[in-house]
Colleague: 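Dumping the structure here so I can ask a few things about it.
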Amino acid sequence: MPGRANRLTARAMAHTASQPPTLDHETLYTAFTARIDAALAALEWEAALPAGCERGAVSLEPPRDPSHGDLSTNAAMVLAKQAKTSPRALAEKIVAKLAGDPLVTSAEIAGPGFINLRLADANWLNELTAIERLGVDYGRSTKGAGRRVNIEYVSANPTGPMHMGHCRGAVVGDALAALLEFAGHQVVREYYINDAGAQVATLARSVHLRYREALGEAIGAMPEGLYPGDYLIPVGQALATEWGDRYAAAPESEWLDLFRQRAVAAMMDMIRADLALLGIRHDVFASEAELQRAGKPEAAEAWLRQHDLVYDGVLEAPKGKTPEDWEPVELPLFRSTRFGDDQDRPIRKSDGSWTYFGADLAYHMQKAQGADELIDIWGADHAGTVKRIKAAVAALAEGQGRAIPFDVKLVQMVQLLRHGEPVKMSKRSGTFVTLAEVVEEVGRDVVRFTMLTRKPEAQMEFDFAKVVEASKDNPVFYVQYAHARIRSTLRKAAPEGLAPSADGLDRLGADELALVKLAAQFPRSVEAAAEAREPHRIAFYLYDLAAAFHAFWNMGNDDPAKRILTGDRALSEARLFLADQIGQVLRNGLALLGVEAVEEL
RNA sequence: GCGCCCGUAGCUCAGCAGGAUAGAGCAUCGGAUUCCUAAUCCGGGGGCCACAGGUUCGAAUCCUGUCGGGCGCACCA
């Protein structure tokens, strides 16, 4: 298993129901974080620091300038105020505690109060054996403490195949889920199917036309307002085969429910297949229609009325451009203004049926029952509804007297360009670039990595032609190439009887050590990315690691003595060991992103 | 009019919950190929971190305002 695991096994693990992490992997960064913690605790004990002082801002990082040392902490600067002393004076005390540590070769105070530590090289080389020992688990963290996180993403309306507008949220959500799992959370991946509204009724009517078409009727062009896409043709055909002309002339009331169910089922099969192309699988598909049949919105309304959070009232006319047909109506309103929204929000329409928000509110309450934290990944076009749904969860938290952390991450639009021309996407007109097309054209790994090399809350351009034509500009190849190089070297070494070995690690020099130091940052990178909920940080970390490896490799171009495979057997095996472990870190990181760690290009 | 997101090199973007001298790729200029894969690497030039205030030991990062771009502002989904 060590060294042999690939992204398939890693992802398979990620998708099994996660168990509370029990592994306590001591890696270099976690070990030193603990040591600094201990030093600060000792100072609290000696009353040099106030008891129970806030230490959340204390960090341990590699200094930007390597000449400053191996590790750097801001502890003294962050805590000086609480200790009512100067940063440098406090730093003296912390240094006194750390200097005695046998692993530390020097501890210095620098600048405004940084504490810079140097470690014996053996500490870093040990990290390589830690990587080998932990294998696919290197970087796994217990920081999430088994907290149950429900993450809802994609949730595209079941009215057609997935298009590129859905893609970014899907990839970001999936990578975030894997990241949180790796960082010690119990993760449930959820998809909310909006199968109860007017859109799916429209879908059913569109399918009914395709059904009549399949029976031989000429339907002409799809009427305005119906879904024109060809993807509904097979759905109509299947219904024709199953039911003959039974519903061809029947009134809508006789077939609407049936057609809606069949259409939604077919669309969800299609969407699941699209998601599978990206390697995405959800644990739970929650149906709005089922939610309503189960009476969840009624229960939510009753609970909210009990807490005086729903009342019957009349909304003011919308600001700005007032719709022509606007008229005041009394509706059951949720007091979202009490929790920071701009306006109270109706949970039912005037005909008594549930609004989208009314059902969604009940849905979030349901999700919150089985989770400690909620995360929604939404498209930026839903930004306007964030406040109300956050208000709903806040109301629930208040009513239950427990904290329910709830993040809505807004994923900004992707502007798809083809040869410089913006490609317009609209489901209704039937002109959209499907996700399947893009994956087929540029590949899953390119799509995923590209979506993850930008922070999600910034708009991005996906220049189609550029991605296809100039593949070398794509960071994903750069990272994969580093991994492929490592694997290729190992393959080349094997017939010569050379195998990775930790025996001669002391032969490694400064160039190798720099690489090790970067690899050793993976666990801390995982924790930071999970904490910030920003999977893109992993992508950038991997790019840096790959760049460092390529640089190391290229030294061998000028100086054969610096190649991994040299005439020196022991040195070669030590360098193979190093390369093998760098490969392991690349695999672990790529697994989090759902990008394949290829054996060769 | 209001709300949310964004504004960092010519372009595309990072900047690790406030840290040390602002980073990478592309583009541009100058170099490297008897090489374990050049799908690569090394070096140069290029910045008022949109602008103006504020908070503090310290701000690209936090707060306020202005300007610019995007998204949204129904009982839609």
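Order of the sequence lines fixes the chain letters, A, B, ..., with proteins taken first and strands second; residue numbering starts at 1 for each chain.
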Colleague: Rounded to the nearest 0.5 Å, how far does NZ of A:K562 lie from CG of A:N554?
Modeller: 12.0 Å
Colleague: Counting distance alone, no hydrogens or angles: does the base of B:A77 have a donor or acceptor under 3.5 Å from a partner atom on the side chain of A:T385?
Modeller: no
Colleague: Would you call A:K367 and A:E152 a salt bridge, taking side-chain N to carboxylate O under 4.0 Å as the test?
Modeller: yes
Colleague: Mind calculating the distance between CG (A:L498) and P (B:C36) to the nearest angstrom?
Modeller: 15 Å
Colleague: Given the P atoms of B:A9 and B:G46, what is the spacing between them in whole Å?
Modeller: 15 Å
Colleague: In whole angstrom, give me the gap between the P atoms of B:A50 and B:C6.
Modeller: 13 Å
Colleague: Answer yes when A:K390 and A:D376 have at least one side-chain N-carboxylate O distance shorter than 4.0 Å, and no when they do not.
Modeller: no
Colleague: Please determine if a side-chain N or O atom of A:K455 lies less than 4.0 Å away from the OP1 or OP2 oxygen of B:U12.
Modeller: no
Colleague: How far does the P atom of B:G70 sit from the matching atom of B:U12, given to the nearest Å?
Modeller: 14 Å
Colleague: Rounded to whole Å, how long is the line connecting atom CZ of A:F477 with atom C1' of B:U37?
Modeller: 15 Å
Colleague: Once you round it to whole Å, what is the distance between P of B:A17 and CZ of A:R524?
Modeller: 8 Å
Colleague: By the definition side-chain contact (heavy atoms from CB on, under 4.5 Å), identify the one residue from A:H166, A:R454, A:Q459, A:M460 that meets it with A:V414.
Modeller: A:M460
Colleague: Report yes or no: is the cationic atom of A:R524 (NZ for Lys, CZ for Arg) under 6.0 Å from the centre of the six-membered ring of A:Y29, at an angle within 45° of the ring normal?
Modeller: yes
Colleague: Taking any heavy-atom pair under 4.0 Å as a contact, classify A:D341: base, sugar-phosphate, or nothing.
Modeller: nothing
Colleague: Any side-chain N or O of A:R485 under 4.0 Å from OP1/OP2 of B:U37?
Modeller: no
Colleague: In whole angstroms, how far is the C1' atom of B:A20 from the CZ atom of A:R88?
Modeller: 12 Å
Colleague: Starting from the 5' end of RNA chain B, give me the residue, A:R537 or A:I564, whose nearest nucleotide shows up first.
Modeller: A:R537
Colleague: Any side-chain donor-acceptor pair under 3.5 Å between A:S353 and A:D351?
Modeller: yes
Colleague: Taking the P atom of each, how far is B:U64 from B:A22, in whole Å?
Modeller: 27 Å
Colleague: Below 4.0 angstrom from OP1 or OP2 of B:G15, is there any side-chain N or O of A:H536?
Modeller: yes
Colleague: So A:A110, base contact, sugar-phosphate only, or nothing? Heavy-atom distance under 4.0 Å.
Modeller: base
Colleague: Taking NZ, NE, NH1 and NH2 as the nitrogens, is one of them in A:D195 or A:R260 under 4.0 Å from a carboxylate oxygen of the other?
Modeller: no
Colleague: Tell me what A:S350 touches on the nucleic acid: a base, only sugar-phosphate, or nothing, going by heavy atoms under 4.0 Å.
Modeller: base
Colleague: Under 4.0 Å, counting only non-hydrogen atoms across every strand here, what does A:P346 touch: a base, just sugar-phosphate, or nothing?
Modeller: sugar-phosphate
Colleague: Any base atoms under 4.0 Å from A:Y543, or only sugar-phosphate, or nothing? Heavy atoms, all strands.
Modeller: sugar-phosphate
Colleague: Could you please name the option among B:C16, B:A77, B:C75 that lies closest to any side-chain atom of A:E61?
Modeller: B:C16
Colleague: Need one value for A:G111: base, sugar-phosphate or nothing, where a base atom within 4.0 Å counts as base even if backbone is also close, heavy atoms only.
Modeller: nothing
Colleague: Looking at B:G19, B:G3, B:U37, which one has an atom nearest to any side-chain atom of A:E600?
Modeller: B:U37
Colleague: Mapping A:A532 and A:G384 onto RNA chain B by nearest heavy atom, which one lands closer to the 5' end?
Modeller: A:A532
Colleague: What does A:R454 touch in the nucleic acid at a heavy-atom separation under 4.0 angstrom: a base, only the sugar-phosphate, or nothing?
Modeller: sugar-phosphate
Colleague: What integer number of Å spans the P atoms of B:C63 and B:C5?
Modeller: 9 Å
Colleague: If you check the A:E534 side chain, which of B:G15, B:C16, B:A20 turns out closest?
Modeller: B:G15
Colleague: With heavy atoms under 4.0 Å as the rule, sort A:D381 into base, sugar-phosphate or nothing.
Modeller: sugar-phosphate
Colleague: Answer with base, sugar-phosphate or nothing: what part of the nucleic acid does A:M555 contact at a heavy-atom distance below 4.0 Å?
Modeller: nothing
Colleague: Planes under 30° and centres closer than 5.5 Å, is that true for A:H382 with the base of B:G72?
Modeller: no
Colleague: Which one, B:U21, B:C42, B:C6, comes nearest to the side chain of A:E457?
Modeller: B:C6
Colleague: If you check the A:M460 side chain, which of B:C13, B:C71, B:C75 turns out closest?
Modeller: B:C13
Colleague: Looking at A:R537, A:R533, A:K143, which one forms a salt bridge (Lys or Arg N to Asp or Glu O under 4.0 Å) with A:E527?
Modeller: A:K143
Colleague: Could you tell me whether A:R507 and A:E512 make a salt bridge, using a distance below 4.0 angstrom between a side-chain N and a carboxylate O?
Modeller: no
Colleague: Using a cut-off of 4.0 Å on non-hydrogen atoms, how would the nucleic acid contact of A:S72 be classed: base, sugar-phosphate, or nothing?
Modeller: base
Colleague: How does RNA chain B look in dot-bracket notation if pairs are Watson-Crick or G-U with both distances under 3.5 Å, crossing ones as [ ], other-strand ones as |?
Modeller: (((((((..((((.....[...)))).(((((.......))))).....(((((..]....))))))))))))....
Colleague: Check this for me: does the side-chain of A:Q459 come within 3.5 Å of the base of B:G69 through a donor and an acceptor?
Modeller: yes
Colleague: Counting the benzene-type ring for Trp, do A:Y363 and A:Y192 have ring centres under 6.0 Å apart?
Modeller: yes
Colleague: Whether A:K81 contacts B:G58 is assessed here as follows: a side-chain N or O lying under 4.0 Å from the phosphate OP1 or OP2. Is that the case?
Modeller: no
Colleague: Taking atom C1' in both B:C76 and B:C13, compute the distance separating them and give it to the nearest angstrom.
Modeller: 36 Å
Colleague: Quiz question: going by heavy-atom distance under 3.5 Å, is there a donor-acceptor pair between the base of B:C13 and the side chain of A:T453?
Modeller: no
Colleague: Starting at CZ of A:R168 and ending at C1' of B:C71, how long is that distance when rounded to a whole Å?
Modeller: 13 Å
Colleague: Output the rounded distance in Å from CZ (A:F449) to P (B:U12).
Modeller: 20 Å
Colleague: In whole angstrom, give me the gap between the P atoms of B:A27 and B:C41.
Modeller: 12 Å
Colleague: Atom CZ of A:F540 and atom C1' of B:A14: how far apart are they, to the nearest Å?
Modeller: 5 Å
Colleague: So is the aromatic ring of A:F114 stacked onto the base of B:A20, judging by whether the centres are under 5.5 Å apart and the planes are under 30° apart?
Modeller: yes
Colleague: Taking only side-chain N and O atoms of A:W378, does any of them lie within less than 4.0 angstrom of OP1 or OP2 on B:G72?
Modeller: no
Colleague: According to a strict under-4.0 Å criterion, is A:S488 in side-chain N/O contact with OP1 or OP2 of B:U37?
Modeller: yes
Colleague: Measure from NZ on A:K387 to C1' on B:C4 and round the result to the nearest Å.
Modeller: 7 Å
Colleague: Reckon A:E531 touches a base, only the sugar-phosphate, or nothing at all at heavy-atom distances under 4.0 Å?
Modeller: base
Colleague: Would you call A:D37 and A:R55 a salt bridge, using N to O less than 4.0 angstrom?
Modeller: yes
Colleague: Between the side chains of A:E290 and A:K296, is the shortest nitrogen-to-carboxylate-oxygen separation below 4.0 Å, so that they form an ion pair?
Modeller: no
Colleague: Give me the distance, rounded to whole Å, that separates B:G58 from B:U21 when you measure between the C1' atoms they each carry.
Modeller: 15 Å
Colleague: Is a donor-acceptor pair below 3.5 Å formed from side chain A:N74 to base B:A20, judging by atom type as modelled?
Modeller: no
